Amino acid sequence: MIDLRLLREDPDRVRASQRARGEDVALVDALLEADERRRSSGSRYDELRSEQKQLGKLIPKAQGEEKAELLKRTATLAAEVKTANAEQNEADERAQQLLGQLANLLHPDAPVGGEEDFVTLEHVGTPRDFTAEGFEPRDHVELGRLLGAIDIERAAKVSGSRFYYLTGIGALLELALVNMAIAQAVEAGFTPMLTPALVKPRAMEGTGFLGQAAENVFRLEEDDFYLVGTSEVPLAAYHMDEIIDADKLPLRYAGFSPCFRREAGTYGKDTRGIIRVHQFDKVEMFSYVAPEDAEAEHGRLLQWEKDFLDKLELAYRVIDVASGDLGSSAYRKFDIEAWIPTQGKYRELTSTSNCTEFQARRLDIRMRESGGAEQSDSNKGGGGRRAAGNPRSPRSTAVRGPAHHRGDPGDPPAGGRLGHRARGAAPLPRRPDGAGADHPVTGERPFDLIATDLDGTLLTSDKTVSERTRQALARAVAAGAVHIVVTGRSAAWTRPTLDAIGYTGLAVCGQGAQLYDAGEHRELTSVTLDRQLAQVALAKIEAETGPLRVAVMQDGLDGEFLRGPGYQLPGTDPTRQCDPAELWSAPVTRLFLQHPGLSNDELARTAAAIAGQLVDVVLSGPGFIEVLRSACPRPPAWPWPRPGWAAARAIAFGDMPNDLPMFRWAAHGVAMANAHPTLLAAADEVTLSNNNDGVAAVLDRLFPQA
């Protein structure tokens with residue numbers, strides 16, 4: 001998909017591209033209208049949520065009639081927020097749907113016109129003159145029968161029309177050509193790959209094959225899989241939802257796979273032989289490069305294809321494919337057509353396309369510049385994932401070039417490719433919010449503060465801290481850095497754990513609900529939920545979702561979840577349910593909520609929309625969300641031991657969604673390899689798992705041994 005910002009800034013260019021392709025120009029105006037609605041509905045939602053948060057701060061301080069009026073307004077506001085959220089989601093969905101229908105922009109030098117309006121760039125070799133030699137050439141069908149190389153009749157008996165067997169010398173020739181193509185690609189620096197022939201809808205859609213090319217795609221309805229028409233699809237999706245460091249580019253892959261195409265709309269065309277068939281084999285060259293390298297990589301792919309055909313001593317021509325014959329993904333495409341003496345014309349053998357960032361955006365492949373710096377872009381794809389709060393800027397270009405395919409199965413309408421942010425020649429994106437990621441993570445600029453999550457990050461699976469990690473932290477502290485532990489656990493759980501590992505610093509427990517000094521063995525602060533607000537919030541949520549499983553953090557103790565909906569007090573028989581009155585019998589710092597029929601994300605969205613003006617709602621561990629007081633301290637409001645501390649000098653390590661607050665204020669967020677996908681998507685970098693000295697691996701760079 002294209003960049004929505006480009007559409008807003010230069011809609012005439014997009015209209016001209018659509019017109020040259022023979023596509024619907026009205027789609028551009030429909031998308032502009034949908035984008036405007038998406039942005040305005042998003043602004044309305046943000047305004048209402050802001051008002052909710054302000055009310056949440058005012059209510060605890062209000063008394064009497066003023067408090068009653070504020071609570072009344074919160075109820076009205078909750079309904080307005082719910083409506084605004086629904087309108088925003090609907091507008092996002094509509095804009096995304098229209099954006100998915102829009103073809104890539106055209107290269108300014110691409111010829112305009114239909115299939116026959118291509119421009120010939122060069123001729124290589126001279127077609128053999130069989131007439132001058134005094135005999136008529138045989139076509140591939142007759143030669144295949146004489147040599148025992150091709151069996152079409154038995155294939156028709158077994159599978160139907162447009163299938164074939166390669167036998168004897170035919171099979172050996174096919175394998176030899178494949179090996180030759182792979183060997184040449186490896187010599188050029190490509191990684192050979194055998195790719196899946198079945199892919200999920202996301203992969204097929206992300207490469208653009210479920211648009212204008214959908215009629216030629218085989219689908220397995222019962223299992224919701226697609227048979228690939230080219231290994232371009234699994235190669236493009238190989239780095240789907242990933243961030244690729246710029247210094248690792250280019251990434252070049254040579255994929256071999258069977259390819260399947262329905263060949264719809266070709267009735268009566270090329271019915272003789274094995275030119276248009278339902279199944280064939282192909283070697284695909286696919287490159288991920290930075291945007292500025294895309295055109296150069298496109299030229300290199302074309303040259304590698306020419307080198308291959310030169311080795312076969314074939315006469316061919318190179319054409320610049322016209323706009324109306326390009327697939328929706330292709331920015332520009334070059335075909336190489338070999339001379340077919342029995343047909344007296346040139347027929348396509350190879351094709352290579354530059355897809356710019358079109359597929360990279362659709363597959364959410366991003367690029368991180370050296371040093372971890374990323375760009376933020378609130379208009380990624382169809383609107384920047386407002387709900388997730390982490391808009392990304394996909395910068396990637398994809399170029400695809402099949403080095404060899406037998407016959408002329410017809411180039412897929414989706415054209416060639418490079419992807420998300422990286423395809424064939426592909427750029428990649430930046431960190432969601434880009435907060436503070438303005439300097440390289442090297443030992444040249446050590447951080448003043450190191451914040452580490454405890455369980456799953458600092459601790460190994462046996463609840464210890466490795467010796468290497470201890471030494472790395474000791475070097476950091478000796479160099480003047482402050483180390484703090486930040487955990488979603490309660491102080492009651494954290495105290496003995498910190499004692500066991502010998503930690504004596506500051507611990508931020510329970511999403512900021514408690515601050516604990518491990519050296520002095522004392523609690524510095526404890527922030528409890530307002531009982532009335534918590535009761536109202538829980539009642540509102542359950543009124544919408546139905547009965548929940550509820551556990552609490554009370555007096556520093558964690559509650560346990562019951563098997564079914566109901567309320568559980570900490571420190572009691574885990575099979576015993578308490579009544580609502582008992583739940584609030586002591587000060588409560590946090591509520592833990594589960595729903596048997598809703599996912600974490602669904603419950604969090606619902607709870608935030610309903611009660612977000614009263615309390616904070618956050619994702620936490622697997623399977624539950626947390627409700628805590630809006631006034632819980634958040635950095636940089638925590639009482640740091642060092643004057644002049646700033647978030648721009650902090651590095652944070654984590655593994656779960658409740659570590660996201662750290663990532664949002666710290667200059668650099670590092671996720672463990674064992675981290676939750678939500679955190680991996682928001683991180684500046686990913687390090688080793690907690691069992692493999694992941695924290696130490698980063699600190700060793702920042703604070704190396706003398």
Side-chain angles (χ1 to χ4, degrees), residues 1-19 21-49 79-105 200-215 224 240-241 328-329 356-365 376-394 413-414 420-421 429 432 599 601-602 604-606 608-609 681:
M1 56 184 65
I2 69 168
D3 188 344
L4 269 174
R5 181 173 51 190
L6 186 153
L7 175 70
R8 295 187 209 110
E9 294 174 353
D10 195 357
D12 286 340
R13 181 185 172 192
V14 185
R15 291 188 187 99
S17 180
Q18 285 287 99
R19 191 176 297 111
R21 287 176 173 273
E23 300 288 341
D24 184 9
V25 178
L27 179 61
V28 177
D29 295 309
L31 180 53
L32 285 169
E33 181 181 346
D35 178 48
E36 177 57 35
R37 182 178 169 226
R38 177 189 63 80
R39 292 198 291 167
S40 61
S41 64
S43 297
R44 171 64 176 160
Y45 175 77
D46 288 344
E47 290 169 2
L48 292 172
R49 286 288 291 129
E80 292 178 3
V81 168
K82 186 175 181 180
T83 300
N85 188 40
E87 290 176 353
Q88 179 194 22
N89 290 338
E90 181 185 346
D92 274 341
E93 185 177 341
R94 175 61 175 164
Q96 187 71 25
Q97 178 189 32
L98 293 174
L99 187 62
Q101 298 173 22
L102 198 66
N104 199 1
L105 296 178
K200 297 178 180 179
R202 168 88 189 284
M204 190 66 76
E205 184 177 34
T207 45
F209 282 94
L210 295 187
Q212 64 184 135
E215 65 174 359
D224 201 19
M240 182 169 62
D241 299 324
S328 62
S329 301
T356 62
E357 70 230 34
F358 189 83
Q359 291 175 321
R361 289 177 178 276
R362 296 169 73 106
L363 291 168
D364 202 22
I365 306 167
S376 65
D377 177 5
S378 59
N379 300 309
K380 176 230 158 235
R385 295 187 178 179
R386 182 185 299 276
N390 60 339
R392 301 171 188 167
S393 167
H420 180 168
R421 296 139 132 113
S599 69
D601 289 337
E602 291 170 329
R605 284 195 298 268
T606 302

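Just so it is clear, the structure is predicted and the values come from calculations on it, not from any experiment.
Note: F358 CZ to T207 OG1 = 10.0 Å, rounded to the nearest 0.5 Å. Here L4 contributes atom CG and R38 contributes atom CZ; the two are 6.0 Å apart, rounded to the nearest 0.5 Å. Between atom CG of residue L102 and atom CG of residue L31 there is a gap of 6.5 Å, rounded to the nearest 0.5 Å. Distance OG/S40 to CD/Q88: 10.0 Å, rounded to 0.5 Å. Within the model, atoms NZ of K200 and CE of M240 stand 7.5 Å from one another, a figure rounded to the nearest 0.5 Å. How far CG of L105 is from CG of L7: 9.0 Å, rounded to the nearest 0.5 Å.
V28 is not listed as a side-chain neighbour of D12, based on a closest heavy-atom distance of 4.5 Å or more. Taking the side chain as every heavy atom from C-beta outward, L6 and R13 approach each other to under 4.5 Å.
The nearest pair of heavy atoms linking G208 to S329 is CA-OG, 4.1 Å. Here the closest heavy-atom approach between residue P11 and residue L32 is recorded as CB-CD1, 3.9 Å.
Not counting sequence neighbours, the partners of D29 by the side-chain hydrogen bond (donor to acceptor under 3.5 Å, both in side chains) test are R15. Every residue two or more places apart in sequence or in another chain was checked for a salt bridge (charged side-chain N to carboxylate O under 4.0 Å, His left out) with E33, and none qualifies. Evaluation of the side-chain contact (heavy atoms from CB on, under 4.5 Å) rule for R94 yields A34, Q97, L98 as partners, not counting sequence neighbours. E602 meets the side-chain contact (heavy atoms from CB on, under 4.5 Å) test with L598, S599, R605; sequence neighbours excluded. Applying the side-chain contact (heavy atoms from CB on, under 4.5 Å) criterion to A608, with sequence neighbours excluded, gives V617. In terms of the side-chain hydrogen bond (donor to acceptor under 3.5 Å, both in side chains) criterion, R37 has no residue partners (sequence neighbours excluded). Contacts of Q101 classified as side-chain hydrogen bond (donor to acceptor under 3.5 Å, both in side chains), with partners at least two apart in sequence or in another chain: none. Residues passing the side-chain hydrogen bond (donor to acceptor under 3.5 Å, both in side chains) test with K82, sequence neighbours excluded: E544. Remark: E205 pairs with L210, R362 by the side-chain contact (heavy atoms from CB on, under 4.5 Å) rule, at least two apart or across chains.
In this structure, R21 contributes its side chain and N104 its backbone to a donor-acceptor pair below 3.5 Å. Q18 places a side-chain N or O within donor-acceptor distance of the main-chain N or O of D24, the cut-off being under 3.5 Å.
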